[in-house]
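As structure tokens, the structure follows; a few thoughts come after it.
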There are 2 protein chains.
Amino acid sequence: MKYDRALAIEKATQLFWKLGFQATKMRDLQEELDMRPGSIYAAFGNKEALFKICLLNYAEQSRLALDKYAGLNSNPIKAIYDFIKNMAVKAEEGKINNCFLVKSISELDGNNAHLRQYAQDGLKDVESGFEALFLEAQEKGLIKQESNPARLAKWMQIQVMGLRSYGNSQDNASDVVIMLDEIFNSLKQAH
Amino acid sequence: MKYDRALAIEKATQLFWKLGFQATKMRDLQEELDMRPGSIYAAFGNKEALFKICLLNYAEQSRLALDKYAGLNSNPIKAIYDFIKNMAVKAEEGKINNCFLVKSISELDGNNAHLRQYAQDGLKDVESGFEALFLEAQEKGLIKQESNPARLAKWMQIQVMGLRSYGNSQDNASDVVIMLDEIFNSLKQAH
DNA sequence: TTACTTATTGAACAAGTGTTCAAGTTATTT
DNA sequence: AAATAACTTGAACACTTGTTCAATAAGTAA
């Protein structure tokens with residue numbers, strides 16, 4: 001029976017995400033996807049190509065999710081908050097994990113500039129989404145005119161990366177979730 | 001001639017830091033340290049033991065640096081700022097890199113809980129240093145009485161991790177350095 | 001110098017790695 | 001049913017990896 005491509009990508013992503021690109025062995029993938037080496041190579045090319053597919057798919061899903069929350073909320077700041085709360089700073093089995101893109105960039109930093117670029121582009125894409133929403137918020141009078149949407153978007157990325165990185169480093173998820181709210185409070189106060 | 005242990009650890013750390021634990025091969029280390037496999041194994045045990053030594057050494061150096069800046073500044077907030085500016089959010093060859101401990105935790109997340117713990121402990125140690133300095137700042141009336149030094153220390157770690165992670169993800173070092181100052185400004189304003 | 005300890009060398013090894021491909025199986029078309 | 005195409009299988013291969021160890025060299029003490 002032919003394999004389920006979407007499911008295979010999903011499972012491969014989970015494994016790459018958890019173990020990293022280099023620590024994930026083809027034999028791990030064979031077991032997880034329940035596919036033999038020949039099938040995997042016929043379907044995806046090779047390990048690096050499969051990883052790239054996972055990276056692009058993850059980035060696309062993230063961007064789609066942001067747009068979803070934007071559509072669900074008339075308040076753009078609330079849209080960003082919901083997106084982050086549900087997609088980014090969220091405990092999985094009591095632990096907050098890093099963004100797959102950020103983790104990949106970190107790992108591939110000194111090794112594979114090629115793969116790294118895809119992850120970088122994905123992050124920039126989400127940042128652009130933030131910027132558009134902050135601009136919309138400004139037009140709606142929700143943040144000050146003197147604030148800079150592009151800069152706020154960068155700041156927001158920094159906050160999310162910080163929270164997730166910290167949550168990943170320590171095992172205290174609840175503190176991090178609280179601090180996310182504090183950060184959003186400071187956003188409303190200062191801008 | 002006997003090898004220079006401190007220098008070897010320094011060089012190994014740089015390589016591990018740049019490439020990560022798994023991507024750094026023993027043969028890379030042999031070349032970088034200019035030592036043959038037998039010598040490295042006689043001196044450090046094995047790859048994992050050497051990595052652990054690098055991790056602990058890096059953590060110790062970080063903590064010593066924080067104490068150094070604490071001794072140099074009568075203002076504890078300034079001490080933290082100088083430490084971060086000089087040790088953490090600093091462009092190396094135009095690029096801001098991740099903390100060695102944070103990068104290692106991220107990489108070893110799903111693989112090696114044993115090594116991971118050493119990196120985690122090192123981070124907690126720096127956080128404790130921040131907390132002590134924030135407490136001192138509070139006693140000196142530099143931050144509000146209602147502020148919580150322990151929480152501020154966590155927040156500070158989040159900010160540093162966010163800035164470095166973002167600086168590492170994008171290649172724009174100058175923006176990040178500016179945002180560090182903005183973050184310290186917001187600290188003075190709100191607390 | 002001689003004897004002894006300590007450190008270095010580099011070829012070799014066993015296990016693990018990503019990947020291939022001829023043979024077999026399942027699906028689709030004629 | 002027969003022929004063709006599409007997909008799957010798993011043993012095998014070439015290469016890389018961390019690590020070992022007998023032989024050698026360098027340093028130290030008598």
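Worth saying up front: this structure is predicted, and the values here are computed from it rather than measured. So that the names make sense, note that chain A is the first sequence line, chain B the second, and so on, each numbered from 1. These values consider heavy atoms only, across backbone and side chains, with no hydrogens, waters or symmetry-generated copies.
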Comparing A:Arg27 and A:Ile40 on DNA chain D - which has the more 5′ nearest nucleotide =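 Its nearest nucleotide lies further toward 5', so the answer is A:Ile40.
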Starting from [atom2] on [N], measure out to [atom1] on [X] and report it in whole angstrom.
X       : N      : atom1 : atom2 : value
B:Gln22 : C:dG18 : CD    : C1'   : 16 Å
B:Gln30 : C:dA7  : CD    : P     : 19 Å
A:Phe44 : D:dC7  : CZ    : P     : 12 Å
B:Met35 : C:dG10 : CE    : C1'   : 14 Å
B:Leu29 : D:dT19 : CG    : C1'   : 13 Å
A:Met26 : D:dC15 : CE    : C1'   : 16 Å
B:Arg5  : C:dT6  : CZ    : C1'   : 15 Å
A:Tyr41 : D:dA11 : OH    : P     : 17 Å

Are B:Phe100 and B:Phe51 close enough, and set up right, to give a ring-ring contact (aromatic ring centres under 6.0 Å, His included), and what steps lead you there?
-> CA-CA 11 Å; B:Phe100 180 41; B:Phe51 187 77; 5.7 Å; yes
Would you indicate which nucleotide in [options] comes nearest to any side-chain atom of [X]?
X       : options               : result
B:Tyr3  : D:dG18, C:dT8, C:dT19 : C:dT8
B:Pro37 : D:dT17, D:dC7, C:dG10 : C:dG10
A:Ala42 : D:dT19, D:dT8, C:dT19 : D:dT8
B:Lys25 : D:dT9, C:dT9, D:dG18  : D:dG18
A:Arg36 : C:dA12, D:dT9, D:dA12 : D:dT9
B:Ser39 : C:dG10, C:dT9, D:dT9  : C:dT9

B:Arg36 and B:Asp34 ion-paired at < 4.0 Å =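 Result for this pair is yes, salt bridge flagged.
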State whether A:Phe21 and A:Lys47 meet the cation-pi test: NZ (Lys) or CZ (Arg) under 6.0 Å from the six-membered ring centroid, and within 45° of the perpendicular axis.
->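 Judged by the rule (NZ or CZ under 6.0 Å from the ring centre, within 45° of its axis), A:Lys47 counts as positioned above A:Phe21.
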Are A:Asp121 and A:Gln117 linked by a side-chain donor-acceptor pair shorter than 3.5 Å?
->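 There is such a pair (donor and acceptor under 3.5 Å, judged by atom type) between the side chains of A:Asp121 and A:Gln117.
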Do A:Gln170 and B:Glu127 get their side chains close enough for a donor-acceptor pair, meaning under 3.5 Å?
->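 There is no such pair between these side chains.
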Any B:Asn46 side-chain N or O less than 4.0 Å from OP1/OP2 of D:dT19 |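 The answer is yes; a side-chain N or O of B:Asn46 sits under 4.0 Å from OP1 or OP2.
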